[in-house]
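Accompanying notes for the structure given below.
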Amino acid sequence: TNEYGRTKARAEEILQRAAKASKFQLTIVRLNTIYGGDPREHKMFKVLKKNIKEGAVTARLNWPGKTSLIHVKDVVSALLIIVNKPTPNKLERLTIFADSLNLAQISQIMHQKMGIEYRPIELPKFFWGCLAFSRIFFPLLEPILPLKLYNLFWRLSLIVDDVIECKRGRMFKLFPSWKPRMFGVGVKDEIT
């Protein structure tokens, strides 16, 4: 739904053609939401932490869209496992994550870990359904809006629908000993 995603898809296509032509094994690792001590100021978890402290409405809404999460240290451990024990297939696509939560669940866990009472605000499913439906039109805004403004619409599209939620996949089947930390455990790196 944006140029960022399209460039990633094109890079994967280039690598796949090269692997086929040169006959080398290729493992593509896909990541969704990474957390765990990122120093960037406008990262989702830093903004959410600030909003929780301030009692912002946005930190209490029942956002329905799920995202799959992984701690940065588990990204590293997964990459080391994949490199040291190659998959049996010539081409493998692995999406690595620990669990899938919506922003309301993430906020609730962060409230609890920060010792702040969580007081949810429930908006009707119809409202969220309308936003989720409108998400299909967001890409039409990309060529006409300034990038920063379009980025806000794009981010909104990720939390109103299950756009980047993953189901249990091949990573867990191929490497059953890999046990990434769940968000409730790893979140301490975001709130300290």
Side-chain angles (χ1 to χ4, degrees), residues 1-16 18-19 24-52 59 63-114 151 154-192:
T1 57
N2 67 3
E3 188 58 21
Y4 173 71
R6 288 189 292 275
T7 57
K8 288 172 77 170
R10 285 194 297 268
E12 286 187 10
E13 290 169 9
I14 291 167
L15 288 169
Q16 289 174 62
F24 64 82
Q25 184 171 348
L26 175 65
T27 301
I28 295 171
V29 178
R30 294 177 174 167
L31 307 167
N32 285 337
T33 304
I34 303 171
Y35 69 97
D38 189 326
R40 294 176 294 170
E41 281 306 309
H42 300 291
K43 186 176 173 239
M44 178 182 82
F45 296 101
K46 285 195 177 179
V47 171
L48 184 55
K49 177 183 171 182
K50 179 179 179 274
N51 288 348
I52 290 169
W63 300 99
K66 287 189 173 182
T67 184
S68 293
L69 302 149
I70 186 159
H71 193 282
V72 67
K73 290 179 182 176
D74 293 319
V75 172
V76 173
S77 71
L79 293 175
L80 290 172
I81 288 169
I82 293 165
V83 166
N84 290 317
K85 187 180 175 190
T87 64
N89 300 325
K90 281 289 194 187
L91 171 63
E92 192 71 63
R93 282 183 201 83
L94 300 173
T95 302
I96 56 174
F97 64 98
D99 51 357
S100 296
L101 303 170
N102 61 39
L103 192 57
Q105 294 166 319
I106 291 168
S107 182
Q108 185 175 9
I109 291 168
M110 289 180 70
H111 271 84
Q112 177 191 12
K113 299 291 183 179
M114 293 168 66
N151 194 37
W154 176 74
R155 286 180 182 215
L156 176 65
S157 77
L158 300 179
I159 58 177
V160 299
D161 200 6
D162 294 340
V163 178
I164 51 178
E165 175 195 15
C166 301
K167 307 295 183 202
R168 289 282 177 203
R170 292 209 24 95
M171 182 66 188
F172 295 100
K173 290 176 186 165
L174 290 170
F175 308 104
S177 63
W178 181 66
K179 304 284 186 221
R181 70 201 83 206
M182 303 304 274
F183 183 74
V185 174
V187 71
K188 66 180 168 59
D189 291 340
E190 292 294 343
I191 60 174
T192 55

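FYI, side chains are in, hydrogens and waters are out, and symmetry mates aren't considered; it's all heavy atoms of this structure. Computed from a predicted structure; not experimentally measured. This chain uses plain numbering: 1 for the first residue, then up along the sequence.
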Legend entry - pair Val185-His71: side-chain heavy atoms closer than 4.5 Å: no
Legend entry - Heavy-atom donor-acceptor pair, Lys113 side chain to Lys188 backbone, under 3.5 Å: no
Legend entry - Beyond-backbone contact of Leu158 with Thr33, side-chain heavy atoms, under 4.5 angstrom: no
Legend entry - Asp99 side, atom CG; Lys66 side, atom NZ - distance, nearest 0.5 Å: 9.5 Å
Legend entry - Taking every non-hydrogen atom, the tightest pair across Leu48 and Ala59: CD1-CB, 3.9 Å
Legend entry - Heavy-atom pair with the smallest gap, counting every atom of Ile96 and Ala78: CD1-CB, 3.6 Å
Inset, instruction - Assign the ring pair Phe172 / Trp178 to parallel, tilted or perpendicular, where the plane angle (0 to 90°) is split at 30° and 60°. - result: tilted
Inset, instruction - Look up atom OG in Ser107 and atom CE in Met114, then write down how far apart they are to the nearest 0.5 Å. - result: 9.0 Å
Legend entry - Asn151 vs Arg155 side-chain heavy atoms within contact, under 4.5 Å: yes
Inset, instruction - Give the ring-plane orientation class for Phe183 versus Tyr35, where under 30° counts as parallel, over 60° as perpendicular and anything between as tilted. - result: perpendicular
Inset, instruction - Would you check if Arg30 and Arg93 make a side-chain contact, meaning some heavy-atom pair closer than 4.5 Å? - result: yes
Inset, instruction - Using modelled atom types only, decide if a donor and an acceptor are shared between the side chain of Gln25 and the backbone of Lys90 within a distance under 3.5 Å. - result: no
Inset, instruction - Kindly say whether Trp154 contributes a backbone atom to a donor-acceptor pair with the side chain of Ser157 at under 3.5 angstrom? - result: yes
Inset, instruction - Identify the two heavy atoms, one from Asn102 and one from Pro64, that lie closest to each other, and give their separation to 0.1 Å. - result: CB-O, 3.6 Å
Inset, instruction - Using atom types as modelled and distance alone, determine if a side-chain donor or acceptor of Glu12 lies under 3.5 Å from a backbone N or O of Ala9. - result: no
Inset, instruction - Just jot down the salt bridge (Lys or Arg N to Asp or Glu O under 4.0 Å) partners of Arg10, sequence neighbours excluded, or say none. - result: Glu3
Legend entry - Interatomic distance, Ile34 atom CD1 to Lys43 atom NZ [nearest 0.5 angstrom]: 8.5 Å
Legend entry - Side-chain heavy atoms of Ile106 within contact of Trp63, under 4.5 Å: no
Inset, instruction - Give, for atom CG of Leu69 and atom CG of Leu31, the distance between the pair rounded to the nearest 0.5 Å. - result: 12.0 Å
Inset, instruction - Could you tell me which non-hydrogen atom of Ser77 sits nearest to which non-hydrogen atom of Asp74, and how far apart they are? - result: OG-O, 3.1 Å
Legend entry - Between CG on residue Asp189 and CZ on residue Phe45, distance to nearest 0.5 Å: 11.5 Å
Legend entry - CE on Met44 to CG on Leu103, rounded to 0.5 Å: 6.0 Å
Inset, instruction - With the side chain counted from C-beta on, respond yes when Ile82 and Met171 share a heavy-atom pair under 4.5 Å apart, and no when they do not. - result: yes
